[in-house]
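Single-structure report; data block below.
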Amino acid sequence: MSENQLSNEELISAYIDGELDTEGCAQVKALLEENSAYRRLFDELREVGDQVRLIPNQQLEQGFRDQVLRETGKSTAAVVMVPHQAAFRRIGYVLAGALAVSTIIALIWGFTRSSSVFNSPAERGAIALDGESDGFSAESISDFADGGELPWIAQVAAALGTSSQDRLREGLREFSNSPRLLVTVQLSHQSSLDILEQTLSQFGVAPSAIINVEPQTGTCYFVSGNLADEIMPNHARLVFANATQAEIESTFHQLRSESGRLVTLQISETPYDRTVERRQSLATKSDTHADQRRKVKGLKIHPVGPRQMAVLFIVTTSSENQDSDK
Amino acid sequence: MRDETQLIQAVLTGDTDAFGDLVTKYQNRLFNTMFHVAGSREEAEDIVQEAFVQAFVKLDSFQGASGFYTWLYRIAFNLSISRRRRRRPESSVDAIRDAFGAEPKDNRDQPPQRMMRKEDVKLVQQALAVLSEQHRTVLVLREIEGNCYETIADILDLPIGTVRSRLYRARLQLRDELKKSILESE
């Protein structure tokens with residue numbers, strides 16, 4: 001097909017769309033009069049358009065508007081509580097507050113570590129202890145960034161099948177491209193995804209890379225978000241775990257065994273309201289600035305049911321923090 | 001009834017109901033388009049919802065250089081691309097062709113009248129689904145949305161010449177796919 005022919009055919013297509021000026025229209029009319037092949041092409045192209053327009057319009061179901069408004073309401077709340085532009089400062093405040101809180105927690109830890117796991121009911125709700133590694137939350141960001149194979153991929157993939165394995169790898173690749181923030185949720189709780197999304201919203205994180213796999217034991221998600229650049233300078237990692245006690249214990253130990261400093265903001269089996277109250281109380285007791293307290297109050301602990309605990313671990317791995325930890 | 005500009009201003013001052021009016025105004029139009037671009041109701045609904053939410057959050061960055069709907073469509077279109085990249089393809093050209101049956105013959109010389117007799121919407125939808133994303137998108141924007149070349153170029157950030165050329169090729173491809181489908185269905 002010559003370039004001239006192609007040009008004529010494009011002209012015919014544009015003529016059908018009414019997108020030609022007077023001169024162009026005259027040119028096409030002349031082509032159609034002179035050449036039967038162009039006339040046939042004209043008919044066919046026009047017919048194609050008619051066929052597409054015959055497809056009935058798709059309509060949304062009733063209630064979509066309200067659904068959207070509910071979602072925008074959540075976004076508004078997140079924006080008000082945690083302005084994206086101030087995300088780094090916010091995390092900085094939280095980390096600072098958390099470090100102060102850690103002093104209290106360290107004391108509790110000092111009592112509990114020598115006496116193994118939850119020796120007395122009074123120690124429950126303080127710090128979680130021994131347990132088998134769950135293998136999910138202890139992988140370092142650099143492991144992801146290197147794009148290396150993680151040993152648990154095969155286990156997860158085995159439970160998921162080939163396609164999910166591909167999705168998992170895809171998620172890891174995507175995460176590797178932007179290895180900023182790792183949020184791990186491992187739980188068989190039905191509302192895990194909602195909880196994760198709400199929590200991310202509160203941090204101002206757009207979940208730009210979520211891979212959602214559901215092995216038999218629970219759910220895990222990998223998220224890299226727009227907190228990335230803001231959180232990396234501190235080499236901080238947030239792990240939000242919403243899990244059973246055993247899972248939290250193992251998570252805690254695994255995180256603690258790493259070189260970074262672990263700050264546990266809250267571990268609690270208390271009901272939702274009391275959990276929030278306690279976190280706010282811890283923040284208030286510390287020497288944090290009023291703004292910091294406000295920010296800490298902005299964090300949310302979600303209700304997770306009577307037998308489950310809500311935990312927010314903040315791990316910092318900057319050299320400064322490591323030094324201060326020694 | 002407030003016009004679009006008034007609604008946007010109202011939303012920016014905190015009037016959520018005004019945003020509801022914008023949703024009501026554009027939801028079905030956007031959904032209908034995204035249905036063809038994304039290929040399924042569920043995916044289209046998710047995209048449209050996410051697009052509205054993003055539009056709401058980013059509304060203060062809307063400059064008004066293009067119309068609100070054009071801006072909204074661009075958000076939805078980018079979301080569609082992003083979601084497609086993230087998920088494993090659920091269908092492929094091969095899969096769709098398999099669904100049609102035997103290897104298609106060369107039907108380029110089929111008279112248009114044969115096509116005229118087959119007004120089977122399903123066949124058209126299937127043929128549309130086989131097109132490349134680029135071709136399907138431009139065709140949907142033109143034939144279903146009824147946009148002029150300038151608007152399509154604006155939405156897709158393409159030169160008008162590319163829109164014209166792509167539309168022609170999209171029609172040609174759809175014509176061929178329709179002919180194949182019709183023959184194979186007989």
Side-chain angles (χ1 to χ4, degrees), chain A residues 6-14 16-20 39-61 64-76 78-79 84 162-167 169-171 174 201 206 208-212, chain B residues 14 16-17 19-21 23-24 27-29 31-36 41 44-45 48-50 52-57 82 85-88 111-113 115-116 118-119 121 123-125 127-128 139-140 142-144 146 148-150 160-161 164-165 167-172 174-175 178-179:
Chain A
L6 183 65
S7 176
N8 285 341
E9 288 160 345
E10 282 184 15
L11 277 175
I12 290 169
S13 177
I16 291 169
D17 290 327
E19 292 275 350
L20 294 182
R39 281 200 295 278
R40 191 168 67 189
L41 178 70
F42 172 80
D43 288 338
E44 288 179 342
L45 296 184
R46 194 173 55 176
E47 174 63 14
V48 163
D50 291 343
Q51 294 283 344
V52 173
R53 286 190 295 276
L54 279 177
I55 300 173
N57 281 346
Q58 300 290 320
Q59 300 279 319
L60 281 158
E61 290 172 6
F64 181 80
R65 173 187 183 276
D66 294 337
Q67 196 178 316
V68 169
L69 290 183
R70 276 197 300 276
E71 291 300 314
T72 55
K74 288 181 193 171
S75 301
T76 308
V79 169
H84 169 59
T162 308
S163 75
S164 296
Q165 182 174 358
D166 291 341
R167 292 182 63 187
R169 289 176 195 283
E170 185 188 345
E174 199 161 346
S201 293
S208 59
I210 287 187
I211 193 78
N212 173 10
Chain B
T16 313
D17 285 343
F19 191 73
D21 291 346
V23 173
T24 304
Q27 61 179 20
N28 279 320
R29 182 179 172 191
F31 176 69
N32 188 44
T33 303
M34 294 318 296
F35 170 77
H36 295 293
R41 278 191 70 88
E45 189 171 331
V48 172
Q49 177 172 312
E50 206 173 335
F52 273 118
V53 172
Q54 282 200 14
F56 179 77
V57 172
S82 166
R85 281 184 189 144
R86 284 213 302 265
R87 74 168 197 268
R88 195 163 173 266
Q113 287 74 17
M115 209 158 59
M116 293 287 284
K118 283 281 181 186
E119 293 184 349
V121 170
L123 281 184
V124 180
Q125 285 178 311
L128 201 56
L139 208 51
V140 166
R142 172 62 207 165
E143 301 294 3
I144 293 178
C148 66
Y149 285 10
E150 189 178 352
I160 286 183
R164 183 174 58 222
S165 167
L167 252 176
Y168 161 66
R169 292 180 181 283
R171 285 176 170 139
L172 216 56
L174 186 60
R175 177 199 68 179
L178 281 170
K179 285 178 179 176

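Quick note on labels: first sequence line is chain A, next is B, and so on, each numbered from 1.
Heavy atoms of Y149(B) lying under 4.5 Å from chain A belong to its backbone as well as its side chain. In this structure, chain A has heavy atoms under 4.5 Å from both the backbone and the side chain of V48(B). Only the side chain of E19(A) comes within contact range of chain B, with heavy atoms under 4.5 Å apart. For L41(A), the part sitting under 4.5 Å from any heavy atom of chain B is the side chain, from C-beta outward, and nothing else.
Between Y168(B) and L45(A) there is a side-chain heavy-atom pair separated by less than 4.5 Å. Looking at R142(B) and R171(B), their side chains come closer than 4.5 Å, going by heavy atoms from C-beta outward.
Although no hydrogens or angles enter the test, the distance criterion places a donor-acceptor pair under 3.5 Å between the side chain of R41(B) and the main chain of Q59(A).
Every residue two or more places apart in sequence or in another chain that forms a salt bridge (charged side-chain N to carboxylate O under 4.0 Å, His left out) with R29(B) is listed here: E145(B).
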